[in-house]
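A short worksheet on the structure shown next.
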Amino acid sequence: MKGNYDKAFENVVRLRVMSILMVNEQYDFNSFKEILEVTDGNLASHLRYLENQGYVAVEKTFVGRKPQTNYSATASGKKAFQEHLDFLEQLIKENKN
């Protein structure tokens with residue numbers, strides 16, 4: 001079967017985070033929180049998981065005096081996510097009546 005199933009994307013929050021990062025070069029923590037409608041702690045733990053997998057890169061900066069954390073998909077993260085999507089697409093094709 002084409003593609004690889006990746007357990008990292010089983011969770012809907014992580015799936016949506018990677019979907020957002022596939023079409024945006026980077027995205028900041030507060031924007032993620034707003035669009036995903038999740039708590040700080042919930043979002044932080046999912047982003048940390050993806051970071052530990054090597055799928056997202058983190059960049060902390062200051063905007064004025066306020067800290068801002070930006071996230072971007074790594075090359076390996078994009079590849080893993082695309083392979084996951086390919087797997088799901090193949091699964092759907094194989095199971096059509």
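Values below: every heavy atom of this structure, side chains too, minus hydrogens, waters and symmetry copies. Start at 1 with the first residue, then count along the sequence.
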By ring-ring contact (aromatic ring centres under 6.0 Å, His included) - contacts of Tyr5 (at least two apart):
His84, Phe87
If two hydrophobic side chains count as joined below 4.5 Å and joins carry through other members, does Leu50 share a cluster with Leu88?
no
Is it the case that one hydrophobic cluster holds both Met22 and Ile35, taking links as side-chain heavy atoms less than 4.5 Å apart, direct or via other members?
yes
Can you give me the closest heavy-atom contact between [X] and [Y], atom names plus distance?
| X | Y | result |
| --- | --- | --- |
| Gly54 | Ser76 | O-OG, 3.1 Å |
| Gln53 | Ala8 | NE2-CB, 4.3 Å |
| Gly77 | Met18 | O-CE, 3.4 Å |
| Lys78 | Ala73 | CG-CB, 3.7 Å |

Distance, nearest 0.5 Å, that separates [atom1] of [X] from [atom2] of [Y]:
| X | Y | atom1 | atom2 | result |
| --- | --- | --- | --- | --- |
| Ser19 | Arg14 | OG | CZ | 13.0 Å |
| Leu43 | Arg16 | CG | CZ | 11.0 Å |
| Asp28 | Lys33 | CG | NZ | 11.0 Å |
| Ile20 | Ser31 | CD1 | OG | 9.0 Å |

Note: Lys7-Glu10 ion pair, threshold 4.0 Å (strictly below):
yes
Gln82 vs Asp86, side-chain hydrogen bond (donor to acceptor under 3.5 Å, both in side chains): CA-CA, chis, key distance, verdict:
CA-CA 6 Å; Gln82 188 58 58; Asp86 291 345; 3.0 Å; yes
Is any side-chain heavy atom of [X] closer than 4.5 Å to a side-chain heavy atom of [Y]?
| X | Y | answer |
| --- | --- | --- |
| Gln68 | Lys60 | no |
| Leu36 | Val13 | yes |
| Asn70 | Val58 | no |
| Arg48 | Asn52 | yes |
| His46 | Asn11 | yes |

Distance-only, no hydrogens or angles: does the Asn42 side chain make a donor-acceptor pair with backbone N or O of Val38 under 3.5 Å?
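Not at all, since once roles are kept as given, no pair shorter than 3.5 Å links the two residues.
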Side chain to side chain contact (heavy atoms under 4.5 Å, CB included) evaluation trace for Asp6 with Phe81:
CA-CA 8 Å; Asp6 193 325; Phe81 191 69; over 6 Å; no
Applying side chain to side chain contact (heavy atoms under 4.5 Å, CB included), run through Val56 and Leu21 and close with a yes or a no.
CA-CA 9 Å; Val56 299; Leu21 291 178; 3.5 Å; yes
Sequence neighbours left out, what pairs pass ring-ring contact (aromatic ring centres under 6.0 Å, His included) with at least one residue falling in residues 17-38?
Tyr27-Phe32
So ring-ring contact (aromatic ring centres under 6.0 Å, His included) across residues 50-73, not counting sequence neighbours, yields Phe9-Tyr55
